[in-house]
S.K.: 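Before we start, here is the structure in question, set down as structure tokens.
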Amino acid sequence: MDSVREICYKARQASYDLAMCDAQAKNRALQAIADRIEADADEILRANALDLQQASEIGSAMQDRLRLTPQRIAAMAQGVREVAQLPDPVGTVVREFTRPNGLRIRKVRVPFGVIGVIYEARPNVTADVAALCLKSGNCVVLRGGKEAIHSNRALARIVAQGLVDGGLRAECVGFIDDTTRESSYELLRQGEYVDVVIPRGGDGLKHFVTEHATMPVIASAGGNCHLYVEKSADPDIAKRVIYNAKMSRPSVCNALEQLLVDREIAPTFLPDMLETLHRDGCKVAGCERTREIVPFVETASEQDYATEHHDYELTVKIVDGCDEAIDRINRYNTKHSDGILSRDQALIDKFTRKVDAACVYVNASTRFTDGFEFGFGAEIAISTQKLHARGPLGLEQLTSEKYVICGDGQVRE
């Protein structure tokens, strides 16, 4: 088995060949990968069954993140094909101009080169990330979590074979078959070969990567997502949005975790809303004012308001207006996705300007923070930082820029 350094070195060498591939060559490889995923679906399911067996003690929502089904494998293959159909950003001319001395200058989009990705318990990330990196002209080194090692191992083999079937080098997608923390440390020390690293997981993983990386980091943290129900909100819209944001798929990073409700409407809004959630299996904890209105609500600790639950759990806080809601969101959020439910345009404007998050919603579910939903195709991650990109990271965000300067013998005086 190759060492982490050898995997990164081989990816760097392969990146020079990949940079010469046009969109058609990359698309052929992606189509071949999709075909392989479908043809080897039974192998993937067998590997996934081993992961689920070993993860029997984790919560049901986390098992849902880990579980693959024939339908999800088919969707994985379809996702790779959809990436192949997206416009290739590489070579796009961002700007073109001519200087007075006759120099012709073009700014063009180029791949980063090699991207490292450290991720946790979602095996579909292996295929999604490989497809996005390849289409944007990047080689990638993948380091998944121990919960999904059998699934990731099978998918990495299938992707490598698909690359060869499609005419590209298998080393374009490197896979670190070691889930110890040391392998993550070693990957983060490969700044010589890896141009940028992206963590996909919770805040703990983000802080680990940013602390130890020797290359630039595009931080993708978990989502402690908030919705604030302002007193002018349409109650029917608010209830529908809250239910979707919390209950549609609670294990994902764009699910609702924290509900803030204006004190003026809390006595009429909360009982029916929380009863509906509770009836459908959601555990609810809240502040003392919430518990006075809805007695079955458990007592929330201060830590609960800073927690991404990843499950059918919700924390509720009654607030004394929009300013308190904004202050609490900016204190506890992970800069991912937060929203307001309101019909007061002045307060909506204040909220969208002052809340510090990659995605700020108005009268809509936070569950839309997703590359496909934004029309970007699959995303490699949701960036919660401010440089160089923020929000869903699609193909364009996986490129850098290069100036190409053409002359006729000009020299600088």
S.K.: Do the side-chain N and O atoms of N48 and S151 include a donor-acceptor pair separated by under 3.5 angstrom?
M.R.: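 Checked: N48/S151 side chains pair up, N/O donor to acceptor below 3.5 Å.
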S.K.: Picking from N152, D177, D40, what satisfies side chain to side chain donor-acceptor pair (under 3.5 Å) with R157?
M.R.: D40
S.K.: With a 4.5 Å heavy-atom cut-off, do K26 and V90 have their side chains touching?
M.R.: yes
S.K.: Checking Q303 against S301: is there a side-chain donor and acceptor pair closer than 3.5 Å?
M.R.: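 No, Q303 and S301 have no side-chain donor paired with an acceptor closer than 3.5 Å.
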S.K.: Return the set of residues passing ring pair (Phe, Tyr, Trp, His ring centres under 6.0 Å) with Y243 (not counting sequence neighbours), or none when no residue passes.
M.R.: none
S.K.: Residues in side-chain hydrogen bond (donor to acceptor under 3.5 Å, both in side chains) with E275, at least two apart?
M.R.: none
S.K.: Could you check whether D51 pairs with K146 (Lys NZ or Arg NE/NH1/NH2 to Asp/Glu carboxylate O, under 4.0 Å)?
M.R.: no
S.K.: Is a side-chain N or O of K246 found less than 3.5 angstrom from the main chain of L256, in a donor-acceptor match?
M.R.: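 The answer is yes, because a donor-acceptor pair under 3.5 Å joins these two groups.
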S.K.: With no hydrogens and no angle check, is any side-chain donor or acceptor of T334 less than 3.5 Å from a backbone partner on N224?
M.R.: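 A pair under 3.5 Å: yes.
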S.K.: Assess, by modelled atom type and distance only, whether the side chains of D349 and Q345 contain a donor and an acceptor separated by less than 3.5 Å.
M.R.: yes
S.K.: Taking E38 first and then R81, would you say they form a salt bridge - that is, a charged N and a carboxylate O separated by under 4.0 Å?
M.R.: yes
S.K.: Check whether more than 12 heavy atoms from other residues, nucleotides or ligands sit under 6.0 Å from atom CZ of F208, and answer yes or no.
M.R.: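 More than 12 within 6.0 Å, yes.
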S.K.: The criterion is side-chain hydrogen bond (donor to acceptor under 3.5 Å, both in side chains); which residues satisfy it with D338, sequence neighbours excluded?
M.R.: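 H226, N333.
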S.K.: Which atom names give the shortest non-hydrogen contact between T126 and A156, and what distance separates them?
M.R.: CG2-N, 4.2 Å
S.K.: Under the 6.0 Å and 45° cation-pi test, does R95 pair with F97?
M.R.: yes
S.K.: Short question: side chain of R249, backbone of A255 - any donor-acceptor pair under 3.5 Å?
M.R.: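 No; zero donor-acceptor contacts below 3.5 Å.
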S.K.: For Q161 and D165, test the side chains for any donor-to-acceptor distance below 3.5 angstrom and give the result as yes or no.
M.R.: yes
S.K.: Going by distance alone, is a donor N or O of one side chain under 3.5 Å from an acceptor N or O of the other, for R367 and S248?
M.R.: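 A donor-acceptor contact under 3.5 Å links the two side chains.
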S.K.: Given 3.5 Å as the limit, does a donor-acceptor pair link the side chain of Q397 with the main chain of G394, or not?
M.R.: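 It does hold such a pair.
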S.K.: Does N138 reach the main-chain N or O of V114 with its side chain, forming a donor-acceptor pair under 3.5 Å?
M.R.: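 It does not hold such a pair.
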S.K.: Has R28 got a side-chain atom pairing as donor or acceptor with G166's backbone, closer than 3.5 angstrom?
M.R.: no
S.K.: Between R390 and D356, is there a side-chain N and carboxylate O pair less than 4.0 Å apart?
M.R.: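 Salt bridge: yes.
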S.K.: Without hydrogens or angle criteria, can the side chains of S365 and N244 be said to hold a donor-acceptor pair below 3.5 Å?
M.R.: yes
S.K.: Sequence neighbours excluded, which residues qualify as side-chain hydrogen bond (donor to acceptor under 3.5 Å, both in side chains) partners of T276?
M.R.: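 Checked T276 against side-chain hydrogen bond (donor to acceptor under 3.5 Å, both in side chains); zero matches.
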S.K.: Could you pull out all residues at least two apart from E182 that satisfy side-chain hydrogen bond (donor to acceptor under 3.5 Å, both in side chains)?
M.R.: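 Counting only residues at least two positions away or on another chain, E182 forms a side-chain hydrogen bond (donor to acceptor under 3.5 Å, both in side chains) with R189.
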S.K.: Spell out, as yes or no, whether a donor-acceptor pair under 3.5 Å connects the side chain of K135 to the backbone of V83.
M.R.: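 Such a contact is found between K135 side chain and V83 backbone.
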S.K.: Listing request: all salt bridge (Lys or Arg N to Asp or Glu O under 4.0 Å) pairs with a residue in residues 167-176, at least two apart in sequence or in separate chains.
M.R.: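 Output for this query lists D17-R169, R169-E171.
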